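Note on naming: letters A, B, ... go to the chains in the order of the sequence lines (proteins, then strands), and numbering restarts at 1 for each one. Model, not experiment: these values are computed from the prediction.
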Amino acid sequence: MPSALPSTYNPVDVESRIYQMWEDGGFFNAQPDQGSDAYAVIMPPPNVTGQLHLGHGLEDALTDALVRWRRMRGFKALWLPGEDHAGIATQNVIERELASEGLSRHDVGREEFLKRTWEWVEQYRGRIYEQHRALGASADWSRDVFTLDPKIVRAVRTTFVNLYNDGLIYKGLRMINWCPRCETALSDLEVDYVEEEANLYHIRYPIVGEGGMPLPDSLTVATVRPETMLGDTGVAVHPEDPRYEEKIGKTVLLPIIGRELPIIADDSVKMDFGTGALKVTPAHDPIDWEIGQRHDLEAIVVIERDASMGDEAGPYVGLDRLEAREAIIRDLDEQGFLESVVPYTHTVGHCSRCKDSVEPLPSEQWWVGVNQEYEPGSSLASNASLAIRSGRINVVPERFSRTFLNWLDDIRDWCISRQLWWGHQIPVWYCECGEMTVAVQDPESCSFCGSAQLKQDEDVLDTWFSSALAPHADLGWPDDTADLRYFYPTTDMQMGYDIMFFWCARMVMLGLYNMKSERSDERDIPFKNILFHGLIRDANGEKMTKSRGNVVDPLISASTYGADAFRFALLTGSTLGQDMKYNEERLVAARNFANKLWNSARFILMNTKQETVSPPDINNRLGFAVEDRWILSRLAGLEDEVNSLLSAYQLGEAGRKIHDFLWSEFWDWYLEMCKVRLRADDMVPVDILTYVLKRALALLHPFMPFITEELWGYLQPSVSGTDSLLEPLIIEPYPVSDKTWIDLPVESAMNHVIDVNRSIRNIRVEKGLPAGIRPDVFIRSDTFRAELLATNEATCFISHVALSILDSDQELPSGDFAFARVASTEVALALPQVDISAERERLNSELMDAEAYLQKMEGQLSNTNFLEKAPENVIDSMRSRLSDAKERVQGLRNRIDLLE
RNA sequence: GGGCGGUUAGCUCAGAUGGUUAGAGCGCUGCGUUGACAUCGCAGAGGUCACUGGUUCGAAUCCAGUAUCGCCCACCA
């Protein structure tokens, strides 16, 4: 009912109703169908206790556009959603909640802690659904996966067991990043390095004589962490350092503690840093750990896991590490060991979750040996690298593949155990007999001695270990399911470039490993295309974080401007891979676009009246008006372009193209030109207006699903031959260009008609003619006379003139007229009176412009190199521009001469 | 120390495979309510595409370098 359409589009009225209709229709649900092509994309699972932010909004807009496009193109399009248990992040949330009650997790115990966490999960999971829905995400909710679902647990355990059996997972004592606040080990990726102002302390270590008597000689080391000296077990110098050559092999006395330390030679020591002598603390520094390994030095732990000084810390036991630092410096100074203190800037690792500074500690943890070969010549890392290099996985934008490969080149083993409670508990059971059982199913008894006294490893796995399995695990692996056979490898994967290493790289590594049985068919990759989008920053370009308080809630934006406007603004506001600033003005513009679309549909429906409409028939093409053929030609071109842009993942450009077509061609010109015909009860424009609008709605649907679906519903009943089923737009075939409509001559003719109208309007405004005046206008044209004649009435209507098209042998009238030239067409607009000098000035300025352009064209076309080497079509178009320019210049000169 | 990206109109940004007189939105100037839309219309102003050199008939686009801002990676204590 057209009359029911209000004059302003109100998104809140339609969005939830439309979404409900889609869901009730089961359109999001994709099932394997051998008769159709599969399209699959896995949703990056948001943290279950978080809420969606603008980044998720962008991801939904991006993915939903791709999914809807494919669905409309006839693919069985599966968008598989999920949520991530997000180990540390979630555990921190619950711990904070406990803390507000004055409790720690240890007070409530593991079982109760997990129970409370699950309660949160249930609560927040629902909220996340609602957020996605509000944005219009056409995900298959019936398949929603949580990373702690039993089927994922089985996939995780199976992966762990297989990797273990292949020797790719091992338990080992290594230097790790320890977060004292979160009380867990972290992987290298979870440590953020921040530059900090500190001091470099130069400390004198006396050299010990043969009989243990201190000699006057000494060796000075430099350190920013004097508290670690309590754990020193050596001093290292470069083997070729002339200053220390003779001291290698001697012994120094560790101040305060009095332990004797060997002076060793190691290549890794930089001669030009500090004093060239490095105190070696294997237990508290990664480099020192390696030196210690090479030289068989003892690792003495002096800093405990809670960041306090431990039993080996001598007089400083129990102090916090920073308190200890001050005390030690004071003591060293008093005892004359502190040589100097110089200000120094260095980087310190911080926990990416809680921001506390991490401690390097030796610790026994579980590791994935990413460089370990599991087949001759192939490791997890090398296979991942090969998949990218060979192009089997296509990276968009391409430049990110380099970042990806550089990272894989010197990747180190992945620490996967976390001393947390929330997560996948490691499937390893320890027996009193000292053996361990690694199994998918909880074992009844020890596989070595048969004892039933088993104790499961208390640690859980890094969250990313389970997310890394998403593409195959979500589809049913380790079972050989129909979904897995049909939808794997998934087609597209999408994420912010900030989680390229965390997630993308690990998905590739573990996907290739778990699906290696499919390698012969090249079906082992987790996805064929990986798209990296940029990050959304606030209006000042700052990263949005809770602590800065500049986070924008996508739902507030979407409810203020409409989900469609939100999506359209994000998609067209930037380019894939490029960061963007959040810009409210863009949302307003997109909202206005939606409103304009709404009103154009309202106009068309008002004119449809009770009639039915039929799509234009290509066989009658020559029976259509110039503007009809023009808009149909432009539409066909647009359809072609949009499909090819979408194929190349140029979503923003595709959206902008549709926007520009609608606004500056369909609405500004075609629709306006139709009005005069509609007043004369010509019904042909109704057919074409409806047809173009419908095709445009379909083109736009992946970008603005709600309003297009809503308008589609209004348009359907008026189209003839649709008394059968009214199919919703979501499953309408995506427009594919019928190129026979493309008519380049008519396009250039219409461009000319438009230019003539612009020129007329320009004169009107310049001469200050009131809107109510309809001046006489005379036009003489050789090249486009027929088209100008055909669009005569439209021009009269849209430019408010009384138009006469002269024959080419007729003279333009003289007297009180303003003149203009559009290429070869002359325009004379009658004025009450003409100010000759103003007119001369105006024409002269136009002439100068025309002459400059003419000169440029002449220069180009007199260049023999250009004529020899440029392609034919470029030369042709240049020639036609030259002849237009010549005519224009000549015409303007004539006009100026005629002025008295 | 490596690597990547940005630098285009006052502001925010597009310009995929080099070829119209370089575009959009917002802002600005002037006019305008002719029943789709003032969340609108019309007409304008506004850019030596950061800089220097090169390749090419032709460069915002490709190459080399410079400046500047930003990001990522890296064990200089």
Side-chain angles (χ1 to χ4, degrees), chain A residues 5 7-9 175 193 200 221-225 228 236 268-270 272-275 277-281 285-290 344 346-347 360 397 399-400 402-403 406-407 410 497-498 500-501 534-535 539 541 561 569 572-575 577-581 583 585-586 588-607 644-645 648-650 652-653 656 659-660 663-664 667-668 671-672 675 758 761-766 768 770-772 797-800 849 852-853 856-857 860 863-871 873-875 877-878 881 885:
Chain A
L5 287 183
S7 69
T8 302
Y9 171 59
M175 194 51 119
Y193 289 90
L200 192 58
V221 299
T223 181
V224 288
R225 300 195 59 197
T228 64
S268 68
V269 178
K270 308 270 187 300
D272 56 359
F273 186 89
T275 61
L278 171 68
K279 63 188 259 325
V280 183
T281 320
D285 185 280
I287 308 165
D288 295 11
W289 171 261
E290 283 172 25
Y344 180 67
H346 70 145
T347 55
R399 67 183 143 86
F400 284 113
R402 197 157 156 186
T403 314
N406 287 346
W407 183 74
D410 42 32
Y497 62 75
D498 56 330
M500 178 191 300
F501 307 141
L535 276 24
Y561 301 101
T572 59
S574 175
T575 312
Q578 215 63 55
D579 289 357
M580 69 185 293
K581 290 180 196 165
N583 185 215
E585 286 166 358
R586 257 182 199 291
V588 174
R591 189 267 320 258
N592 295 351
F593 175 53
N595 191 244
K596 180 95 177 166
L597 176 64
W598 181 260
N599 276 291
S600 72
R602 208 163 70 103
F603 171 80
I604 293 168
L605 288 165
M606 279 169 58
N607 282 284
S644 101
L645 285 166
Y649 299 101
Q650 303 269 339
E653 194 62 9
R656 287 186 289 268
H659 171 276
D660 293 349
W663 209 311
S664 50
W667 297 332
D668 283 354
L671 191 147
E672 291 302 320
K675 284 180 178 173
R758 286 217 171 97
R761 293 165 173 183
N762 179 294
I763 299 174
R764 289 189 65 105
V765 169
E766 266 191 29
F797 181 78
I798 63 179
S799 295
H800 304 147
D849 185 53
Y853 184 59
K856 194 174 158 183
M857 289 301 108
Q860 184 76 278
N863 183 338
T864 50
N865 275 328
F866 172 71
L867 295 173
E868 278 167 27
K869 295 180 182 172
N873 62 327
V874 173
I875 295 173
S877 87
M878 215 65 92
R881 274 180 259 162

Under a 3.5 Å threshold, yes or no: a donor from one side chain and an acceptor from the other, between [X] and [Y]?
| X | Y | value |
| --- | --- | --- |
| A/Thr572 | A/Arg656 | no |
| A/Thr228 | A/Lys279 | yes |
| A/Arg881 | A/Ser877 | yes |
| A/Asn592 | A/Tyr561 | no |

Tell me whether the side-chain N/O atoms of [X] come closer than 4.0 Å to OP1 or OP2 in [N].
| X | N | value |
| --- | --- | --- |
| A/Arg758 | B/A43 | yes |
| A/Lys596 | B/U39 | no |
| A/Arg602 | B/C37 | yes |
| A/Ser877 | B/U20 | no |
| A/Arg656 | B/A14 | no |
| A/Asn592 | B/G25 | no |
| A/Lys270 | B/C75 | no |
| A/Ser268 | B/C75 | no |

Please measure how far the [atom1] atom in [N] lies from the corresponding atom in [M], and state the result in whole Å.
| N | M | atom1 | result |
| --- | --- | --- | --- |
| B/G10 | B/C4 | P | 31 Å |
| B/A45 | B/C26 | C1' | 16 Å |
| B/G19 | B/A59 | C1' | 10 Å |
| B/A50 | B/G5 | P | 16 Å |
| B/C51 | B/G6 | C1' | 15 Å |
| B/G46 | B/G3 | P | 43 Å |
| B/U52 | B/C40 | P | 41 Å |
| B/G47 | B/U8 | P | 14 Å |

If we call it a pair only when both distances are under 3.5 Å in a Watson-Crick or G-U wobble match, what pairs with [N]?
| N | value |
| --- | --- |
| B/U20 | none |
| B/U68 | B/G6 |
| B/C42 | B/G30 |
| B/C11 | B/G25 |
| B/C62 | B/G54 |

Keeping [X] on the side-chain end and [Y] on the backbone end, is there a donor-acceptor pair under 3.5 Å?
| X | Y | answer |
| --- | --- | --- |
| A/Asn599 | A/Asn595 | yes |
| A/Asp579 | A/Gly534 | no |
| A/Arg591 | A/Arg586 | no |

Of all the nucleotides listed ([options]), which has the minimum atom distance to the side chain of [X]?
| X | options | answer |
| --- | --- | --- |
| A/Glu672 | B/A36, B/G19, B/U21 | B/A36 |
| A/Thr575 | B/A14, B/U21, B/A36 | B/A14 |
| A/Arg586 | B/C26, B/U12, B/C57 | B/U12 |
| A/Ser574 | B/C75, B/G44, B/A14 | B/A14 |
| A/Ile287 | B/C75, B/A16, B/C37 | B/C75 |
| A/Glu653 | B/U34, B/G15, B/C57 | B/G15 |
| A/Val765 | B/C13, B/U39, B/A43 | B/A43 |
| A/Ala870 | B/G44, B/G19, B/G15 | B/G19 |
| A/Asn583 | B/A14, B/U12, B/U34 | B/U12 |
| A/Pro871 | B/G19, B/A43, B/A36 | B/G19 |

Report the distance from atom [atom1] of [X] to atom [atom2] of [N], rounded to the nearest whole Å.
| X | N | atom1 | atom2 | answer |
| --- | --- | --- | --- | --- |
| A/Trp663 | B/C42 | CH2 | C1' | 14 Å |
| A/Phe501 | B/A74 | CZ | P | 8 Å |
| A/Leu645 | B/G15 | CG | C1' | 12 Å |
| A/Phe273 | B/C76 | CZ | C1' | 6 Å |
| A/Phe603 | B/C40 | CZ | P | 18 Å |
| A/Glu766 | B/A43 | CD | P | 12 Å |
| A/Tyr9 | B/C37 | OH | P | 18 Å |
| A/Asp410 | B/C75 | CG | C1' | 12 Å |

For A/Tyr853 and B/U21, do the ring centres fall under 5.5 Å apart while the planes stay under 30° apart?
->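 Stacked: centres under 5.5 Å apart, planes under 30°.
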Where does the angle between the aromatic ring planes of [X] and [Y] fall among parallel (under 30°), tilted (30 to 60°) and perpendicular (over 60°)?
| X | Y | value |
| --- | --- | --- |
| A/Trp667 | A/Trp663 | perpendicular |
| A/His659 | A/Phe593 | tilted |
| A/Trp598 | A/Tyr9 | tilted |

What one-letter contact string describes nucleotides 1-10 of chain B from 5' to 3', where B marks a base within less than 4.0 Å of any protein heavy atom, S marks contact via sugar-phosphate atoms alone, and - marks no contact?
-> --SSSS----
Does any N or O donor sit under 3.5 Å from an N or O acceptor when you compare the side chain of A/Arg881 with the base of B/U20?
->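 Such a pair does not exist between side chain and base.
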Locate the shortest heavy-atom distance separating A/Asp288 from A/Leu278; write the atom from each residue and the value.
->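 In this case the closest contact between A/Asp288 and A/Leu278 is OD1-CD2, 4.1 Å.
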Upstream residue (5' side of RNA chain B) when A/Ile604 and A/Lys581 are each assigned their closest nucleotide =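 It is A/Lys581 whose nearest nucleotide is closer to the 5' end.
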Could you pick out which residue, A/Pro286 or A/His659, lies toward the 5' side of RNA chain B when each is mapped onto its nearest nucleotide?
->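 This one resolves to A/His659.
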